[in-house]
Number of protein chains: 2
Amino acid sequence: MQTHSEENYLKAIWKLVEHSGENVNTNAIAALVHTRAASVTDMMKKLSDKKLISYQPYKGVSLTAKGERVAIEVVRKHRLWEVFLVEQLGYKWDEVHDIAEQLEHIRSSTLTEKLDKFLGFPKVDPHGDLIPDKSGKISKQQQIPLAQLESGNKAIMTGVADHSTLFLRFLDKHKIHLGDTIETKEKTTYDSSMEISVNRKKNIHISNEVAKNILVRKSRS
Amino acid sequence: MQTHSEENYLKAIWKLVEHSGENVNTNAIAALVHTRAASVTDMMKKLSDKKLISYQPYKGVSLTAKGERVAIEVVRKHRLWEVFLVEQLGYKWDEVHDIAEQLEHIRSSTLTEKLDKFLGFPKVDPHGDLIPDKSGKISKQQQIPLAQLESGNKAIMTGVADHSTLFLRFLDKHKIHLGDTIETKEKTTYDSSMEISVNRKKNIHISNEVAKNILVRKSRS
DNA sequence: TTTTATTTTTAGACACCCCTAACTTTATTT
DNA sequence: AAATAAAGTTAGGGGTGTCTAAAAATAAAA
Ligand SMILES: [Mn+2]
Ligand SMILES: [Mn+2]
Ligand SMILES: [Mn+2]
Ligand SMILES: [Mn+2]
């Protein structure tokens, strides 16, 4: 049984491992859980004692099988609750993170499965992130940043790399949504900005900053 | 902003005041929040410092207006979540308490209202308890224990005094539910047990213990 | 290879929430 | 009124989770 705080740390480590593959460093964790390095070190000792991570001072940490199981369960709950908040309660996709951050810690042996069923066993959350299944399995998303798409190629938007309210609202304002077909019209060499079309209609000019945070799946056309 | 623990204490005090009217004593609180008297005293000091209760050592406590507002908000959330768990997720009425005990602490300026709307603005929770409205108003339930109903009188079951799984399952087993019409057929003077009919059909013999925990509203017939 | 900068850990502290044991106050008996 | 019982508080302490400041280890630069 883990505390909320322990769960938050495990989830943070899991996310960092997903992205970097490497052992995770203290400051990165501190940034994700909004604490200081010293607090992270304290927690790493506790999680290590509980065999949830493997930890060698100064050398970073990684999750044990046990720790990963816990982390994935938290991620599963977080994403399922996000689906609930958006699809059932009518929240916008930029409003749900903080609430899900709390709901993910609700402890019950039956709640997650009932919620999953109630929601119709969704595969992805409102941000396009995959929802781990009951057993903790989660397939790797085949997606790349839009910034990497060659000129003239079509793709479907499947996710976002930046989950901030600011970015999500920016996308809303420009009517760019998950599932939209995006075509790269023209790339400017100078600043790597690009002209794109959304659903074959609207043409928009976006910066490289934005293009890096839009994740797409190349359509085999 | 209160901690989970503070909210639990405030809710406990609120419940005790509802039932007794009097200043609430330390041991009663300890029993409700599953702690010891010493812990209660510690917390009373903190809540008093925060002006959430008025507290005089050895003389019991009562809620300030501020404290009552917080307590009722927690109760509102608890009961709304219980409705969600039963009506949307398919839980039984004896299974939801512990989960609602956690969900009631989810902090969000918008969640409660969205949930309330989603559920269709329910008036009562799965146990017949009234749900405070958005402004914190909660009307007094006009109900009495079935044990107090005179022989030959009809009433409608509106609630339970005992929320334990054991009792709720007992009622399920005997198909006694909220909204059922209950008529007192015969009372045994010796042990105050009684013969009742449920929905004009089934006749059941129940102990006084049980009759005290079934709450009914007399039907004006 | 030194020196300097960055990262990480340790030391010491504090708020929170709970506990047991001992003491004090209040209530009840005799 | 004195003795006893019950209820409530204080003293002292433990685990958790966070912090700042200082020290140690590692990485980068000169
Ligand atoms: Mn969280
Ligand atoms: Mn998400
Ligand atoms: Mn609670
Ligand atoms: Mn209830």
Side-chain angles (χ1 to χ4, degrees), chain A residues 1-13 16-17 19-20 22-63 67 70-71 74 98 101-102 104-107, chain B residues 1-13 16-17 19-63 67 70-71 74 98 101-102 104-105 107:
Chain A
M1 215 82 306
Q2 294 74 227
T3 64
H4 289 197
S5 212
E6 287 168 1
E7 290 185 347
N8 284 335
Y9 276 97
L10 290 172
K11 193 180 63 166
I13 296 168
L16 290 166
V17 171
H19 278 291
S20 70
E22 303 284 305
N23 266 22
V24 174
N25 49 307
T26 304
N27 277 325
I29 298 170
L32 263 197
V33 296
H34 304 107
T35 59
R36 301 313 182 86
S39 308
V40 174
T41 301
D42 285 348
M43 184 58 90
M44 294 309 102
K45 283 181 201 151
K46 203 199 315 182
L47 293 177
S48 184
D49 288 348
K50 291 191 173 185
K51 311 261 189 252
L52 293 162
I53 63 172
S54 65
Y55 168 58
Q56 233 104 26
Y58 295 103
K59 301 180 114 187
V61 300
S62 61
L63 295 171
V70 174
V74 175
D98 290 347
E101 198 62 40
Q102 301 173 61
E104 71 189 0
H105 304 294
I106 302 293
R107 211 176 297 288
Chain B
M1 215 81 307
Q2 294 74 227
T3 65
H4 290 196
S5 211
E6 286 168 2
E7 289 185 347
N8 285 335
Y9 276 96
L10 289 172
K11 193 181 64 166
I13 296 168
L16 291 166
V17 171
H19 278 290
S20 69
E22 302 284 304
N23 267 22
V24 174
N25 49 307
T26 304
N27 278 323
I29 298 171
L32 262 197
V33 296
H34 303 109
T35 58
R36 301 312 182 86
S39 308
V40 173
T41 302
D42 285 350
M43 183 58 90
M44 294 309 102
K45 282 181 200 150
K46 203 203 309 185
L47 293 176
S48 185
D49 288 349
K50 292 192 173 185
K51 313 259 189 251
L52 292 162
I53 63 172
S54 65
Y55 168 58
Q56 234 103 25
Y58 295 104
K59 300 179 115 188
V61 300
S62 61
L63 295 171
V70 174
V74 175
D98 290 347
E101 200 61 41
Q102 301 172 59
E104 72 190 359
H105 303 293
R107 211 176 295 288

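Below, read A as the first sequence line, B as the second, and so on, with proteins coming before strands; counting in each chain starts at 1.
Across all strands shown, C:dT2 forms a Watson-Crick or G-U wobble pair with D:dA29, both key distances being under 3.5 Å.
The shortest non-hydrogen separation linking A:Glu104 to A:Asn8 is OE2-OD1, 3.1 Å. Across B:Ala37 and B:Ala30, no two heavy atoms sit closer than the pair N-CB, 3.9 Å. Across all their heavy atoms, B:Gln2 and B:Arg107 have their closest contact at O-NH2, 2.6 Å. Contact between B:Val33 and B:Ala12 at its shortest, heavy atoms only, is CG1-CB, 3.7 Å.
Backbone-only engagement by A:Lys45 is indicated by non-hydrogen atom pairs under 4.0 Å involving sugar-phosphate atoms exclusively.
Just one residue in the list A:Thr35, A:Val24, A:Asn27 forms a side chain to side chain contact (heavy atoms under 4.5 Å, CB included) with A:Val40, and that residue is A:Thr35.
DNA chain D is contacted by A:Arg36, A:Ala38, A:Ser39, A:Asp42, A:Met43 of residues 36-43 of chain A, taking any non-hydrogen atom closer than 4.0 Å.
Distance B:Leu47 CG to C:dA15 P: 17 Å, rounded to the nearest Å. Distance, B:Ile53 CD1 to D:dG8 P: 13 Å, rounded to whole Å. The interatomic distance linking A:Glu7 (CD) with D:dT16 (P) rounds to 15 Å, in whole Å. Nucleotide C:dT7 holds its C1' atom 13 Å from the CD1 atom of A:Ile29, rounded to whole Å. Rounded to an integer number of Å, the gap from A:Lys59 NZ to D:dA25 C1' is 12 Å. In this structure, B:His105 places its NE2 atom 17 Å from P of C:dC16, rounding to the nearest Å. Per the geometry, CG belonging to A:Asn25 stands 10 Å off P belonging to C:dT9, to the nearest Å. Taking atom OH of residue B:Tyr9 and atom P of nucleotide C:dC16, one finds them 14 Å apart after rounding to whole Å.
For B:Ser5, no side-chain nitrogen or oxygen approaches OP1 or OP2 of C:dC16 to under 4.0 Å. For the OP1/OP2 pair of D:dG8 and a distance below 4.0 Å, the side-chain nitrogens and oxygens of B:Asn27 include at least one atom meeting the criterion. Neither OP1 nor OP2 of C:dC23 sits under 4.0 Å from any side-chain N or O of B:Tyr58.
Between B:His105 and B:His4, the ring planes lie parallel to each other; the angle is under 30°, not in the 30° to 60° tilted range.
Toward the 5' end of DNA chain C, the nearer of the two residues B:Lys50 and B:Thr35, judged by each one's closest nucleotide, is B:Lys50.
Inter-residue side-chain proximity for A:Ile53 and A:Met44 is flagged as met; some heavy-atom pair is nearer than 4.5 Å.
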